[in-house]
Student: 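Structure below; questions to follow.
Order of the sequence lines sets the chain letters (A, B, ...), proteins ahead of strands, with each chain counted from 1. Predicted model only: the values in this text are computed from it and were never measured.
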2 protein chains.
Amino acid sequence: MDTSTDEFRIATPHRELLDQVLDKWSLSILNELCERPCRFNDLRRAIPAVTPKSLTATLRRLERNGIIERQLLGSRPVAVEYRITPLGKTLRAPVEVLLDWARARLPDIERARRAFDAG
Amino acid sequence: MDTSTDEFRIATPHRELLDQVLDKWSLSILNELCERPCRFNDLRRAIPAVTPKSLTATLRRLERNGIIERQLLGSRPVAVEYRITPLGKTLRAPVEVLLDWARARLPDIERARRAFDAG
DNA sequence: CCGAATCCCAAGGGATACTG
DNA sequence: CAGTATCCCTTGGGATTCGG
């Protein structure tokens with residue numbers, strides 16, 4: 001049997017999973033929640049550029065995928081806490097590998113961009 | 001000095017770099033070019049869902065970031081070959097780590113989605 | 001405090017047709 | 001062969017306001 005096919009192609013479900021989990025705000029949220037559980041406004045403060053709408057959407061998506069969980073703390077006033085799940089923790093290492101790559105290679109990338117834009 | 005800050009936050013340039021390099025079609029293109037150099041229509045055949053417009057855009061972006069290079073082979077008729085650069089090759093390992101994660105965890109993720117959608 | 005609802009806009013991507 | 005050009009439309013995101 002030809003296992004190379006599986007390594008070669010990227011199946012749509014895997015591609016879509018990465019889209020859901022590596023989007024614009026997810027990595028920042030993940031990093032925060034790996035440090036400690038956070039309330040909604042904790043996250044807003046930690047990631048000032050995110051709007052409430054986008055934050056809600058991202059949190060819902062991560063929750064649906066089992067990466068984070070939403071815990072109701074109190075009712076009056078409403079208190080909600082988000083925390084990372086065990087499944088979510090397994091995502092951290094791969095993401096760190098990727099970030100290490102980005103940190104290490106950014107200078108090379110920027111040089112390439114300048115060369116391209118000059119030509 | 002507080003190095004934890006650097007690990008904790010995700011700087012905008014790194015975040016944008018990942019956006020440019022992990023977008024919808026880049027991973028598939030990277031996988032193809034890691035196997036062998038490809039012509040434009042080779043890539044179209046290998047990735048049937050991509051339109052010429054999106055393929056051109058993605059190839060230009062990857063080229064600008066120094067991940068792939070564009071080689072002119074002939075002029076009449078025009079022949080162009082894309083190949084991965086040494087810098088581009090360094091991206092493969094991190095991406096594979098990520099794909100391994102997606103392949104391993106997809107069942108758990110799908111279970112979480114069903115549970116969420118049911119509730 | 002934690003969002004939901006609304007409006008608006010720009011960018012991205014598909015389909016199709018065409019050119020050097 | 002290797003793209004460009006055009007059209008169109010959906011989606012995502014920001015800004016803002018409102019509600020439980």
Side-chain angles (χ1 to χ4, degrees), chain A residues 10 12 15-29 32-33 36-65 67-84 116 119, chain B residues 10 12 15-30 32-33 36-65 67-84 116-117 119:
Chain A
I10 301 178
T12 306
R15 173 68 257 175
E16 288 172 346
L17 171 54
L18 295 183
D19 283 340
Q20 301 228 334
V21 152
L22 298 178
D23 67 280
K24 188 173 183 187
W25 302 114
S26 288
L27 295 194
S28 297
I29 293 175
E32 297 297 322
L33 297 187
R36 65 187 187 290
C38 282
R39 312 273 294 268
F40 189 83
N41 282 333
D42 290 340
L43 291 169
R44 291 193 66 178
R45 278 184 288 274
I47 312 164
V50 72
T51 63
K53 177 181 172 181
S54 299
L55 182 55
T56 301
T58 307
L59 289 170
R60 286 289 170 280
R61 187 170 46 241
L62 291 176
E63 187 192 359
R64 177 171 184 268
N65 284 276
I67 304 295
I68 67 173
E69 62 185 6
R70 182 178 187 273
Q71 183 124 11
L72 205 61
L73 295 181
S75 299
R76 204 163 37 265
V78 180
V80 177
E81 190 176 79
Y82 294 94
R83 56 181 60 200
I84 190 132
F116 182 92
Chain B
I10 301 177
T12 305
R15 173 66 259 177
E16 287 171 346
L17 170 55
L18 296 182
D19 283 340
Q20 301 228 333
V21 151
L22 298 178
D23 66 282
K24 187 173 184 186
W25 302 114
S26 289
L27 295 192
S28 298
I29 293 175
L30 260 295
E32 297 297 321
L33 297 187
R36 64 187 188 290
C38 283
R39 312 273 292 267
F40 189 83
N41 283 333
D42 290 340
L43 291 170
R44 290 192 67 179
R45 277 185 289 273
I47 312 165
V50 73
T51 61
K53 178 181 170 182
S54 298
L55 182 55
T56 301
T58 308
L59 289 170
R60 285 287 171 281
R61 187 170 47 240
L62 291 176
E63 187 193 358
R64 177 171 184 268
N65 284 276
I67 304 295
I68 67 174
E69 63 186 5
R70 182 179 187 272
Q71 183 121 11
L72 207 60
L73 296 180
S75 299
R76 202 164 36 266
V78 179
V80 177
E81 190 176 78
Y82 294 93
R83 57 180 62 200
I84 191 128
F116 183 92
D117 294 344

Student: Among B:Leu27, B:Ile84, B:Leu43, find the one that has a side chain to side chain contact (heavy atoms under 4.5 Å, CB included) with B:Glu32.
Tutor: B:Leu43
Student: Looking only at heavy atoms, what is the nearest atom pair of B:Phe40 and B:Pro52, with distance?
Tutor: CZ-O, 4.0 Å
Student: What contact category does A:Arg70 fall into here, base, sugar-phosphate, or nothing, at under 4.0 angstrom with non-hydrogen atoms?
Tutor: sugar-phosphate
Student: Sorted by first residue and then second, give each salt bridge (charged side-chain N to carboxylate O under 4.0 Å, His left out) pair with at least one member in residues 39-55 of chain B; sequence neighbours left out.
Tutor: B:Asp42-B:Arg45
Student: With the threshold set at under 4.0 Å for non-hydrogen atoms, list the residues of residues 56-63 of chain A touching DNA chain C in residue-number order.
Tutor: A:Thr56, A:Arg60
Student: Considering just the side-chain nitrogens and oxygens of A:Lys24, establish if one lies under 4.0 Å of OP1 or OP2 belonging to D:dG14.
Tutor: yes
Student: Carefully, step by step, assess A:Phe116 and B:Asn65 under the rule side chain to side chain contact (heavy atoms under 4.5 Å, CB included).
Tutor: CA-CA 8 Å; A:Phe116 182 92; B:Asn65 284 276; over 6 Å; no
Student: So how far off straight is the helix from C:dC1-D:dG20 to C:dG20-D:dC1, going by the axes through five pairs at either end, to 10°?
Tutor: 50°
Student: For A:Thr51, enumerate each residue passing the side-chain hydrogen bond (donor to acceptor under 3.5 Å, both in side chains) test, keeping only those at least two apart in sequence or located in another chain.
Tutor: A:Ser54
Student: Any heavy-atom pair between the side chains of B:Arg70 and B:Leu59 that's under 4.5 Å?
Tutor: no
Student: Mind listing the closest non-hydrogen atom pair of B:Tyr82 and B:Leu33 along with its distance?
Tutor: O-CD2, 3.5 Å
Student: Does the side chain of B:Leu30 reach to within under 4.5 Å of the side chain of B:Leu62, using non-hydrogen atoms?
Tutor: yes
Student: Taking B:Leu22's backbone N and O only, do any of them form a donor-acceptor pair with B:Ser26's side chain (distance below 3.5 Å, no angle check)?
Tutor: no
Student: Nearest-Å distance, CD1 (B:Ile47) to C1' (D:dA2)?
Tutor: 16 Å
Student: What is the distance from CG of B:Asn41 to P of D:dT4, rounded to the nearest Å?
Tutor: 13 Å
Student: Is B:Asp19 salt-bridged to A:Lys24, going by a charged N under 4.0 Å from an acidic O?
Tutor: no
Student: Hey, what do you get for CD (A:Glu69) to CD (A:Gln71), rounding to the nearest 0.5 Å?
Tutor: 6.0 Å
Student: Roughly how far, to the nearest 0.5 Å, is CG of A:Leu73 from CD of A:Glu81?
Tutor: 5.0 Å
Student: Treating primed atoms plus P, OP1 and OP2 as sugar-phosphate and everything else as base, which nucleotides of nucleotides 15-20 of chain D get B, S or - for protein heavy atoms under 4.0 Å?
Tutor: B-----
Student: 5' to 3' on DNA chain C, which nucleotides open and close the contacts with chain A (atom under 4.0 Å from a heavy atom)?
Tutor: C:dC1 to C:dC7
Student: Output yes when at least one side-chain N/O atom of B:Arg39 is less than 4.0 Å from OP1 or OP2 of D:dC1, else no.
Tutor: no
Student: To the nearest 0.5 Å, tell me how far B:Thr58 OG1 sits from B:Arg61 CZ.
Tutor: 5.0 Å
